[in-house]
Structure formats: structure tokens, C-alpha cells
Amino acid sequence: MFKSLKDRFNLQSLKCDWYGSWFWNGFYIFKILMYFFLLIDFNLPLNAMLFAATHAHFQRRIQKYYRIIIAILCLALLYHDSYLPSLKQILAQRSNLTGFSLSYVTEFLLDFVNFKLIGLFAVAIVIVKAASLYLRGTTCVILCFVLTQLVSSDTLLKNFTKENNVTINTNFILKNKDLIAQRGTFNNTNLNRYLEAFTKKEDSRSIEVPYSLESSFVPFNIVLLTIDNVANQDLSTFNANDVYALKRFNLYLTGFNSVTTDFNESKLRLFQSICGQKKQDNLIDKRNDKCSLIKMIEQLGYDAVAFFNSQKELNSIADKIGKYTHFPVNLNPYVVKPRVLYKGSDRKDIYNDEDIFNSYIRYVGSSDLLSFAYIHSSSLLNGNRDNNFEVSYEEKLTSLLVRINKFIDRLEDLGKPTLLIMVPTAGAALKGDKTQLKGMRAIPSDSITNTTAMIKFCGMKNLPHTVSLNDPVSYQSIAYIIAKTLSGNIYSEKYPLSLEAFSEDIPRTELVGETDSHYFIKYKDKYFYKTTESGSNWKEYVR
């Protein structure tokens, strides 16, 4: 029986020889070079074991399958060492890609595979093959392994690029009184301590709100316009910052942080903005009207109303927000049903923003009540279609800015003083980076959550210039601006407005992002993220 088994499976084929392969030597030299140029990370123990495994050679029958296994393991380890998101993250975000067209998904896959690096790898293999006649490849790789432990990739890269090294003061303290001091090196203990300090501070933080208006109060209306899917990166990608409509505002909060990539949660944070930036669990733990922006405004005699350009978004936002904070009961008071602008990816109607804006103009023009209007636009969401063809993001953005420009014209022609606040929520994730592919929103990186909130004092005279505040701010800054304009009676000629003085006391908030799966922070000059799972470790967010 034993002889029969030996005949069927030649035990001699298990004999193993050990010698280097010019291909795998070239692969590892190229991989270490990518590490030194900060293109990937490099796990020394795993790479050392796998490199040793590439030196094992069996008889032909076994070797064929062994090569396949080694190739799969090397590719898996390369993916592990890369800054690309884990497969778990990709699968968790697969729903975000369903709204994209086939061409977009194709482009996404092309970005996922870096063909330039593949080409450079092929060239490197040819060079290593030629050099193997004169050099011992295995020895060179072992020396490179040692070099990864002796020289940091940051130092080596700066030497190659001749950049000036910047010394970080480990006792660095941010000057702004609203912000938490950042001390110590970049380790898990310090980063966790920083996040805990931030959470504790924000839990006890709230702004002072007015409880009555001055007897000489000059009435003005308030319009809060939120737009989904547009961040600073999206605007700069299409050079939209220079569009006339965006130059018509008076105060720009360019460091505004939308905190999350969940559009519904961003609105919930906006409507609870009197209080500080709470953790997601605490945000939806219970209803807290003390934090409600709408309740504050209604108590001062304002009539709150909300306009949406999508019935789906109306239902989703009203349902989500209504559970946890005060929300206008008067929704979509259209005089005339708006025209359909797009069909969403779910075939639901997206109404024309211009008709929504005109509905507000007709609504406020026929009333003498103080009006607070929340207007929401979802025109930039992925998957919106016109005549069954998906409209490009650039085209949608250009059209929306034209409609906003017309809206500002109509507000000014209305003749009623109006505080217009435009707050873009999280961006479209049109670009990816080493850590997170485009279209992915699991990690609330600043490239997605960094937007510019814009404020315009329509009908106010003697505001010849604009002011930009570049400090980190978040939703509490919006509540502060509304409360300040109400308590300061800013449209009264007795209190001339100074934008510089007005912006000095706007509350600053550290750049801390949170989704249901990840945290994201800026610590000194670096960015870090970790999962929300208990005990998870921080990783540097590499661009």
C-alpha cells in the first residue's frame, strides 16, 4: 500500500533546495524603494518570512503550485503594506459606488491599479536581471531590509528631494483659547488622550443665545442653505472658487469641518449646533432642545419653514432630525409644484433649485412675519440623470452655481434684509489618495469634510470688503453667527458691523471627524485615523 502511494505521489518531489530568484529579489528591492518613497508601508517580520519562502525550490510537480501560492501571498502582503483601504472597508462602502455610472466605476478601477508603478516594476526587473550577473541579489535585498530599520522613510525622502526639515516643538500649544493643546509625540496614548480631551470639552460647550430681541430691533429674515456633495477639494478641482456667485458673500469660513460623511448626520449636527461637537452615540442618545438651533429661533418670534428639492431627502432628513431635535413643521410650502430637474439613481424626482428658491421668494414676499427658512439642495448627489443619461458632476455644479447667483439677485431685489448662510456638507470624494480610494467615505478625511461656509448680509450697506476666516471651525460657528446677528441687532444703523470684529469671537473647533466606523484627527502637522472599535490603534493618514 505504501509503495502504491509513493508511486502516485513521489515523495522525492518534497525535497527542497534553497537559492535566490532574480525575480523575487527584484520584487523586494522595488518594494523597499516604494517604502522609502512613502508609497507603501513595510512590515519587516512578515516580509522577511515571505522573502525567505521565495528561496525554497521543490521538484517540478510541487514547484508549480508552490509558485502560485507564493505569488498570491506576495500580492496579498503588498496590498497589506499599501495605504489602500482594507477589503472590509471597501465592502462596507460598496453602497456608495452604486450611484456611479459604468464609466466612473471603470475609472475607479483604473485608479485602483497603478499602471505607472507596474511599468516601473517591469523596467526594474529587467535591470535586476542584468545586474544579477555581477551582484548577489539576495545579499542586496538583506542589506535593504537592514536599511529600512536604520533610516526612516521620512528622512530619506527629504534627503532625496532636498526639502528643508521642519522641527516640531513637542511642547507645541495652539494659541487659540478654544483649541486644545497638542503635546507630545505621535503615539496611541497621546492621540487617544487628545480625542478624549476634545470630547470632554465639547460635551460641556455651548454658546450664549438671546432670549429676546431689542425693542429697536431691525427685522431681517434668515436663510440657511445646505448643499450636499461639495467640499473645497471639489470646488478647486473644477476651478469653481472663481465663479461669480461664490464671490458675492461677505464672510467665508474656509476651515469649516462637516465632521461626518453621512449627509443626514451632518444636518442633525447643524440643527443641534448650539452645543459642542458631540460623539455620534451621544448625538442621537436623546432629544435635547437646549441644543436646538430652530427652537432658539422660533422662541424669538421667527416662523420656521423648510424647502427641499427632493421628496426622498425631505422624508429622510425630516425623519432622522425630527427624532432628535426641533424641526420646522411647515415643509415645502410650494405655491407652484417645481419642475423636475433630474431623476435620482433611485428614479426619484430631483426638483429644480430655481423653482425652490422662487417658492421661498414668493413665500416671504407675501408675509410680514419674521422668517427662518431652511433650504436643502441635493442636486449634486451622484447618479442624478437627465433623459436617462447621468449628468457629470462639473455640469451639475456649474448649473447650481448659476441658480444660486440668481437667488442672491432675487433676495437683494426683494428689499427685505436677509442673512444668507450657505453650508456645504461633505464632499463628493471625486479624488482618492493612498489611504482611501475615490468614492469611498468610510474615513471622514479632511479632503471630504473640509468645506467653506459662506455668509452674506443681504441688504446691508457699507460692507465694501470681505473677510475669510481660515481657522478650524464647525457647526457651532453657524449657531454663533445666527445668535450674534440676532442679539447684536446688526441691521440697525446704531451698530455698524465690522466683519473683523464679528469674526474674532466665532468659536473654533478642532478638526475631528467621525463616522459610524472611523475617527479622523489632525494632530500638529499630521493626520491620523482609527476605527471606532474599542482598543483600535491610530494610523497615519497618508495622502
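All values below were derived from every heavy atom in this structure, side-chain atoms included, with hydrogens, water molecules and symmetry-related copies excluded.
With values rounded to the nearest 0.5 angstrom, Tyr351 atom OH is found 11.0 Å from Ser378 atom OG. In this structure, the separation between CD on Gln272 and CG on Leu293 is 10.5 Å, given to the nearest 0.5 Å. For the atom pair Leu268 CG and Tyr475 OH, the distance stands at 10.0 Å (nearest 0.5 Å). Residue Tyr342 holds its OH atom at 13.5 Å from CG of Asp349, rounded to the nearest 0.5 Å. Here the CZ-OG1 distance, from Phe198 to Thr509, works out to 6.5 Å after rounding to the nearest 0.5 Å. Atom CD of residue Gln233 and atom NZ of residue Lys431 lie 5.5 Å apart, to the nearest 0.5 angstrom.
Using a 4.0 Å cut-off between charged side-chain N and carboxylate O, Lys279 and Glu514 make no salt bridge. A salt bridge links Lys31 with Asp81; the closest basic N to acidic carboxylate O contact falls under 4.0 Å. The residues Glu412 and Lys456 are annotated as salt-bridged, a charged nitrogen and a carboxylate oxygen being separated by less than 4.0 angstrom.
In this structure, Lys201 places its NZ atom where more than 12 heavy-atom neighbours from other residues, nucleotides or ligands lie under 6.0 Å away. Surrounding NZ of Lys416 are more than 12 heavy atoms belonging to other residues, nucleotides or ligands, all under 6.0 Å away.
With hydrogens and angles ignored, the 3.5 Å screen pairs a side-chain donor or acceptor of Ser503 with a backbone N or O of Leu499. Checking side-chain atoms of Thr418 against main-chain N and O of Leu420 turns up no donor-acceptor pair under 3.5 Å. For the pair Thr515 (side chain) and Ile443 (backbone), a donor-acceptor distance under 3.5 Å is absent.
Ring-centre distance between Phe271 and Tyr324: not below the 6.0 Å cut-off. The ring of Phe372 has its center no closer than 6.0 angstrom to the ring center of Tyr302.
Judged by a 6.0 Å distance limit and a 45° cone about the ring axis, Arg543 is positioned over the six-membered ring of Tyr527.
The shortest side-chain heavy-atom distance between Ile294 and Tyr374 does not fall under the 4.5 Å cut-off. Looking at Asn309 and Pro338, their side chains never come closer than 4.5 Å, going by heavy atoms from C-beta outward. Leu380 places a side-chain heavy atom less than 4.5 Å from the side chain of Tyr393. Two residues are said to be in side-chain contact when any heavy atoms from C-beta on lie closer than 4.5 Å; Phe220 and Leu486 meet this criterion.
The side-chain contact (heavy atoms from CB on, under 4.5 Å) test with Phe256 is passed by exactly one of Thr452, Asn450, Ile478: Ile478. Between Tyr541 and the choices Phe520, Phe528, Tyr519, Phe186, the ring-ring contact (aromatic ring centres under 6.0 Å, His included) rule is met once, by Phe520.
Nearest heavy-atom pair across Ile448 and Ala429 is CD1-CB, 4.1 Å.
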